[in-house]
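This report concerns only the one structure given below.
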Amino acid sequence: MNKYEVESVSIVGVGGSGAFYIAQFLLLCGVDVYGYDLKKSDRTALLEDMGAVMIYENPTEPFESSYYIYTHGMNPKEIEKLKQRNIDIEGYEVGEMYLNIINDYEDGLLSEKQQKAFHDSKLAPLYSLDFEDTRLIAVTGTDGKTSSCSMIYHILKENGYKPALISTVSALIGDDEIDTGFHTTTPSSQELFDLLVRAKEAECTHIVLEATSHGLCQGRIAGLKFDTLGYTNVTNDHLDYHKTYEKYLEAKSLLIKDHSKPNSVIVLNMDDKSYEYLNGFALGRSMEYSLKNEDADIYAYDIDDSNGLKFKVKTVSNTESIYIPIYGTYNISNFLLACGVCMNEQIELQDISRAIKTFKTVKGRMELLQSEPFKVFVDFAHTPNSILEALMSIRKITEGKIIHVFGSAGLRDPSKRYEMGKTSNQLADITILTAEDPRTESLKEINDEIERGYRDGGKENKLFRFDYDDKDVQVRVDAIKKAFCLAKDKDTVIITGKAHEQSLCFGDKEYDWDDIKESKKLLNL
C-alpha cells in the first residue's frame with residue numbers, strides 16, 4: 001500500500017504538532033483527512049480550511065479510512081481500545097509515521113507531487129538549511145546530556161568562539177536566552193528550524209544540540225548532519241515508548257547512522273555498556289573517554305570530589321590537572337565527553353582546563369541551594385542510574401543523614417519505579433515519596449510501585465508518603481516541607497526529578513511549578 005495515495009486517513013490528536021504536520025502533508029498529497037481532537041485550535045482551524053473533516057471528540061466507532069494515526073501521549077488504555085476497535089486496519093504512532101515519510105523522502109520513494117507536499121507542509125524544514133560555515137555538535141545519552149552540552153558551550157565561548165546551545169533547559173543564542181518550554185526534549189523540527197535560523201543570523205560558529213531518543217525516532221532532526229557527536233551513557237529509560245533496552249539503544253544509534261558525516265568524530269564512553277554496540281557504527285571514527293580504562297583516548301584519574309571536582313586528565317599527547325567548581329562525581333564523565341568534543345574542535349587540553357574552572361552548575365543539575373545548617377540540593381535525576389549517581393555523590397560530602405524527596409512520572413516507563421525506590425532505600429537514610437507529573441495515573445499507585453522496590457532495598461529506613469491526589473502541587477510542597485522539618489545539622493536534603501522544569505502535571509492540567517523557587521521560599525532564601 002502506498003500510504004500517501006490512499007483515499008482517507010483518520011488522525012487522533014490531530015492538533016498535536018507532529019500529527020498536524022503529517023495531516024498537512026497528507027492533505028497536500030490529495031488524501032482525505034479525518035481529524036479527531038478534544039477542542040478547536042488554530043491548528044485544527046487551519047486543517048479545516050485545507051479541507052480536513054474535524055471531529056471534536058474521541059473516536060468511539062471503528063474508522064472507515066485506509067489506516068489511522070495516533071499520538072503516543074494518549075493514555076495507554078485508550079490506545080489499546082483504539083487498536084482493538086480497529087483491528088482490521090493498520091495503525092501508526094505519530095513519530096513512526098513521521099519517520100516513515102522522512103525515510104521515503106530520503107530514499108527517493110516519493111512522487112513529484114508528494115515531494116512538493118513534503119516541502120510545502122514544512123514537515124521536515126531542516127533540509128533547507130545550509131551549515132557549510134557552521135560546526136554542528138550533538139550529544140545524546142540517558143543522563144548528563146544537558147550538563148555535557150553546557151560544558152561544551154562554555155569551553156567554546158571561553159576560547160573565543162561564538163556558540164549557540166539548544167538544550168532541554170533553554171536555548172542560548174548570541175546574547176539571548178530562550179525558554180524551550182515545559183517538559184521539552186528535542187524541540188520539534190519546526191521549533192528547531194526557528195532556533196537554527198536565529199543562530200545562523202547571529203553568525204554563530206558552532207551549534208550544540210541535545211538530542212533525545214524520542215527526537216531521533218520521530219525525525220525531529222531530519223536533515224542535519226553533525227561534525228562531532230557525543231554519547232554520555234545508555235541505561236534503561238523511556239521503555240514505555242521503546243519497549244526494550246535494545247530498541248532504546250538502537251534509537252540512540254540513529255544519531256550515528258543517520259546524522260553523521262564520513263569524517264565526523266564520535267566521542268564514546270568506554271565505561272558504559274553501550275560502548276561496544278555504538279562503536280560498531282563508528283567505523284574507525286571514535287574517540288573514547290573513561291574513568292576506568294587508562295588506554296582510552298581521554299582518561300581521568302586521581303579524583304578528589306570532596307570540595308568541587310579535582311582530577312587529572314591524560315590524553316594521547318598531554319596531561320592536565322582539572323578543577324570544576326561543581327558537585328556530582330558523575331560530572332567528571334560528562335566533562336570527559338565535553339573534553340573530547342572540544343579537542344575535535346581544535347581546542348588544546350590546557351585551554352579546556354583553563355575554561356572549565358569558571359563553569360557554573362546548570363540550573364537544576366546538582367544545584368546547591370543552601371549549605372548550612374543542612375545542605376539542600378535540587379537535581380534532575382529521574383532514572384535509577386541517575387538517582388544512584390546523585391545519591392552516591394551526596395554520600396561523599398554528607399556527615400549526617402541523607403533525606404531524599406522524589407516521585408516518578410505517570411504514563412512514562414513504569415518499569416523504572418521499583419529500582420528507583422530500591423536505590424533510595426539503599427543510599428538515603430530517609431525517603432519521602434511525592435508527585436512527579438502523575439498525569440492521569442493514580443499517584444498512590446505510582447508510589448505503591450516505588451515503595452515495593454523500597455521495601456526490597458534491605459534497610460529499615462524511614463519512609464514518608466505524600467500522595468493524596470486532590471491537592472495538585474501542594475502534595476510536592478508538603479513533601480519538601482517535611483524534608484526540611486526533619487533535616488538537622490550536617491544532613492543533606494536532595495530533591496530529584498523536576499529541577500529546571502516549570503510545571504507539574506495532574507490529570508490533563510499543567511500547574512505552574514518550580515522546585516528551586518518553592519524550595520527557596522520554604523527556606524526563606
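Bear in mind that the values here come from a model prediction, so they are computed numbers and not experimental data. Scope of the values below: all heavy atoms of this structure, side chains included, with no hydrogens, waters or symmetry mates.
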Quiz item: cation-pi between K257 and F281, 6.0 Å / 45°
yes

Side chains of T232 and K145, donor plus acceptor under 3.5 Å
no

Does NZ or CZ of K273 lie under 6.0 Å from the centre of the six-membered ring of Y245, at an angle within 45° of the ring axis?
yes

Taking atom types as modelled, is there a side-chain donor on E210 or T146 under 3.5 Å from an acceptor on the other?
yes

Any chance you could lay out the ring pair (Phe, Tyr, Trp, His ring centres under 6.0 Å) test for F335 and F311, step after step, and finish with the verdict?
CA-CA 11 Å; F335 167 75; F311 53 98; 5.7 Å; yes

Can K200 be said to sit on top of F131's aromatic six-ring, NZ or CZ under 6.0 Å from centre and within 45° of the ring axis?
yes

Looking just at side-chain N and O atoms, do S147 and S150 make a donor-acceptor pair shorter than 3.5 Å?
no

Y248 and T142: side chain donor to acceptor below 3.5 Å:
yes

Side-chain donor-acceptor pair present, H154, T358, cut-off under 3.5 Å:
yes

Taking the six-membered ring for Trp, are Y105 and F118 parallel (under 30°), tilted (30 to 60°) or perpendicular (over 60°)?
parallel

Would you say the side-chain atoms of E345 and T228 include a donor-acceptor pair closer than 3.5 Å?
yes

Looking only at the side chains, is there a donor atom on one of Y4 and D104 sitting less than 3.5 Å from an acceptor on the other?
yes

Test item: side-chain donor near acceptor, T496 and D379, under 3.5 Å
no

Does either side chain, that of R365 or that of N331, offer a donor lying less than 3.5 Å from an acceptor on the other one?
no

